[in-house]
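Worksheet: the structure to be examined is printed underneath.
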Amino acid sequence: MSFRPGSRIFSAFRTNFRQYYARRNASTAPGAEPAGFAKFWNSPVGPKTVHFWAPVMKWAMVAAGASDFSRPAESLSLTQNLALMSTGAIWTRWCFVIRPKNVALAAVNALLFCVGATQVGRIYSYNQSLKAGDLVKAEGKELEADLKATAAKAE
């Protein structure tokens, strides 16, 4: 017996606590798998963890990027959409490396990559059409100058 104050009181309750925890842990023995919503609620990627809420919140970025599909390509930012595209690619890969594997986060990041890549493609296509238009204008000015020179010789 110990000479610490209160040790007799706690030692009397210790056996009761041990019995309580033994009964409590016996009901959650290995192999007793919870079913339905309880399984989802207590899973490593369930709503009680950041692994669930990160993809839910990241859907706002996908929605914001997708809402830019209706905007004209000249008003889109190339650097912003490159950032969305690379973020989606990097984090999609990372979602399969971390433990627990988070498929929901991988899916939202893959779609973020797709949205960014689509917008980057639109911007690239728009810039290429501007370059082609500049070439056409330059050729038109050359033809106009040649035509004026020919008309001046004919007079």
Side-chain angles (χ1 to χ4, degrees), residues 10 14 17-154:
F10 290 120
R14 188 174 297 147
F17 284 129
R18 284 184 184 155
Q19 289 172 358
Y20 168 75
Y21 283 114
R23 280 181 298 195
R24 186 173 148 209
N25 290 336
S27 65
T28 59
E33 187 76 24
F37 186 74
K39 182 178 181 179
F40 170 68
W41 183 258
N42 294 320
S43 74
V45 291
K48 294 196 290 186
T49 65
V50 71
H51 301 291
F52 175 80
W53 291 107
V56 169
M57 296 301 156
K58 205 160 190 180
W59 278 110
M61 289 177 63
V62 174
S67 70
D68 287 344
F69 288 152
S70 62
R71 291 177 62 192
E74 63 264 10
S75 65
L76 296 174
S77 169
L78 179 65
T79 53
Q80 177 183 353
N81 286 294
L82 276 172
L84 281 178
M85 190 174 85
S86 25
T87 297
I90 292 167
W91 285 103
T92 299
R93 171 69 179 115
W94 184 249
C95 290
F96 292 114
V97 173
I98 60 173
R99 297 286 182 254
K101 288 184 181 176
N102 197 340
V103 178
L105 188 59
V108 74
N109 282 313
L111 282 172
L112 190 64
F113 170 78
C114 292
V115 166
T118 302
Q119 298 292 47
V120 167
R122 286 182 62 212
I123 295 167
Y124 178 76
S125 174
Y126 173 73
N127 289 338
Q128 293 301 102
S129 71
L130 285 181
K131 288 179 185 176
D134 289 343
L135 289 175
V136 169
K137 286 180 185 176
E139 287 177 8
K141 288 181 181 180
E142 287 176 17
L143 288 174
E144 184 181 356
D146 288 343
L147 195 61
K148 285 181 182 178
T150 308
K153 285 182 186 178

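- Counting only distance, with no hydrogens or angles, the side chain of Thr49 and the backbone of Gly46 share a donor-acceptor pair below 3.5 Å.
- Across all non-hydrogen atoms, the minimal contact from Ser67 to Ala64 is OG-O, 2.7 Å.
- With sequence neighbours left out, the side chain to side chain donor-acceptor pair (under 3.5 Å) criterion links Thr79 to Ser77.
- For the pair Cys95 and Asn109, the tightest heavy-atom approach, listed with the atom from each and the gap, is SG-ND2, 3.7 Å.
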**Message:** Between Tyr124 and Leu78, does the side-chain contact (heavy atoms from CB on, under 4.5 Å) criterion hold? Intermediate values first, please.
**Reply:** CA-CA 9 Å; Tyr124 178 76; Leu78 179 65; over 6 Å; no
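- Side-chain atoms of Ser125 do not come within 3.5 Å of backbone N or O of Gly121 as any donor-acceptor pair.
- Here the straight-line distance linking atom CG of Asn127 with atom CZ of Arg122 works out to 12.0 Å at 0.5 Å rounding.
- Between Phe52 and Pro55, the shortest heavy-atom contact is O-CD, 3.2 Å.
- With values rounded to the nearest 0.5 angstrom, Asn102 atom CG is found 13.0 Å from Trp94 atom CH2.
- The closest donor-acceptor contact from the side chain of Trp53 to the backbone of Pro47 lies under 3.5 Å.
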**Request:** Give the intermediate values and the outcome of side-chain contact (heavy atoms from CB on, under 4.5 Å) for residues Leu112 and Lys58.
**Result:** CA-CA 9 Å; Leu112 190 64; Lys58 205 160 190 180; 3.8 Å; yes
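- Note that OG1 of Thr92 is 8.5 Å distant from CG of Leu111, once rounded to the nearest 0.5 Å.
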**Request:** Just do the side-chain contact (heavy atoms from CB on, under 4.5 Å) check on Thr118 and Phe69 with the steps written out, would you?
**Result:** CA-CA 9 Å; Thr118 302; Phe69 288 152; 3.7 Å; yes
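- Atom CZ of Arg93 sits in a sparse spot, with 12 or fewer heavy atoms from other residues, nucleotides or ligands closer than 6.0 Å.
- No more than 12 heavy atoms of other residues, nucleotides or ligands sit less than 6.0 Å from atom NZ of Lys39.
- With sequence neighbours excluded, no residue satisfies side chain to side chain donor-acceptor pair (under 3.5 Å) with Lys101.
- If you take NZ on Lys131 and OH on Tyr126, they are separated by 13.0 Å, rounding to the nearest 0.5 Å.
- Nearest approach of Leu76 to Asp68, heavy atoms of both residues: CD2-CB, 3.9 Å.
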